[in-house]
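Read through the structure below, which is laid out as structure tokens, and then see the notes.
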Amino acid sequence: DKVSAFYLMYKLAISIYFVIGYSLNAKSYISNGTWAYAWIYLTHWSFILMIVSYLYNTLLVCVRFWRQNGGKRYSGQHFFEKDNPSTMISWALSGTANTVAVSVTVAYWTALYPGSTPPPTAMSKFNNFDVHLIQVIH
């Protein structure tokens, strides 16, 4: 019923990892001149949706932790209760992001990856696994 400091740190660490991973991915696209083409891939959009979902949920965890530990108290309905709009948005984002991430990743790894050549650099390999695999196991 309460958010622990460990859980808060876990959510923040994963959120930071996703943002750094996306930044490295974007830097790689920009440096090799393929940024304009990144927007046409479903894996790119599913990764963005997953990051938005995770950041939104992390924000909710941060607010709940702050309120439980001396932050602003109020007598109305709490944002983390079942019928609150913030919880409904979280549920919709998570449900959509997770389903799309799994579907797109399964399609990529079964249909596209076996026939493609291995990425040439370590950064390309990291971006490939970060975008296609990590988003499913988060």
Side-chain angles (χ1 to χ4, degrees):
D1 289 337
K2 289 195 175 230
V3 174
S4 67
F6 176 77
Y7 185 68
L8 176 67
M9 292 298 121
Y10 163 77
K11 293 291 277 188
L12 288 171
I14 299 296
S15 294
I16 290 168
Y17 171 81
F18 282 142
V19 170
I20 289 172
Y22 183 77
S23 300
L24 290 173
N25 198 4
K27 181 182 175 198
S28 174
Y29 279 133
I30 290 168
S31 67
N32 64 17
T34 58
W35 183 253
Y37 303 108
W39 298 98
I40 64 173
Y41 297 116
L42 286 176
T43 51
H44 183 79
W45 287 108
S46 69
F47 196 58
I48 289 173
L49 182 62
M50 191 256 331
I51 290 172
V52 168
S53 171
Y54 210 86
L55 289 175
Y56 182 77
N57 289 330
T58 301
L59 177 67
L60 293 180
V61 168
C62 289
V63 170
R64 185 169 181 186
F65 183 81
W66 177 68
R67 287 195 176 163
Q68 287 174 352
N69 293 296
K72 181 182 174 185
R73 306 259 183 219
Y74 59 92
S75 59
Q77 182 186 27
H78 296 290
F79 73 93
F80 51 83
E81 291 179 357
K82 186 167 85 173
D83 295 331
N84 193 284
S86 63
T87 306
M88 292 178 190
I89 291 169
S90 172
W91 178 83
L93 274 173
S94 296
T96 304
N98 295 339
T99 304
V100 169
V102 169
S103 301
V104 168
T105 301
V106 166
Y108 174 79
W109 286 100
T110 58
L112 299 175
Y113 187 72
S116 64
T117 59
T121 65
M123 182 55 75
S124 296
K125 288 179 184 178
F126 168 77
N127 288 339
N128 189 17
F129 282 95
D130 186 50
V131 171
H132 297 109
L133 185 61
I134 300 299
Q135 67 175 321
V136 173
I137 61 174
H138 83 277

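The shown structure was predicted, so the numbers you read here are calculated from the model rather than taken from an experiment.
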Spatial distance of atom [atom1] ([X]) from atom [atom2] ([Y]) [nearest 0.5 Å]:
X	Y	atom1	atom2	value
Phe18	Ile14	CZ	CD1	6.0 Å
Trp45	Met50	CH2	CE	14.5 Å
Gln68	Ser4	CD	OG	9.5 Å
Lys11	Leu60	NZ	CG	9.0 Å

Mind checking whether [X] and [Y] have side chains closer than 4.5 Å, heavy atoms only?
X	Y	value
Tyr22	Ile48	yes
Ser53	Leu49	no
Asn57	Ser15	no
Val19	Leu55	yes

Hey, quick one: are [X] and [Y] part of the same hydrophobic cluster, counting side-chain heavy atoms closer than 4.5 Å, chains of contacts allowed?
X	Y	value
Val100	Trp91	no
Val61	Tyr17	yes
Ile20	Phe47	yes
Met9	Phe65	yes

query: What heavy-atom pair brings Ala92 and Thr96 nearest, and what distance separates the two atoms?
result: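 Here Ala92 and Thr96 meet closest at O-OG1, 2.8 Å.
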task: Identify the two heavy atoms, one from Arg64 and one from Lys2, that lie closest to each other, and give their separation to 0.1 Å.
output: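 Between these two residues, the closest heavy atoms are NH2-N, 4.5 Å.
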task: Applying side chain to side chain contact (heavy atoms under 4.5 Å, CB included) between Tyr54 and each of Val52, Thr58, Ile51, report the one that passes.
output: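 It is Thr58; the other options fail the test.
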message: Can a donor-acceptor pair be found, under 3.5 Å and without considering hydrogens, that links the side chain of Ser90 to the backbone of Ser86?
response: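 A pair under 3.5 Å: no.
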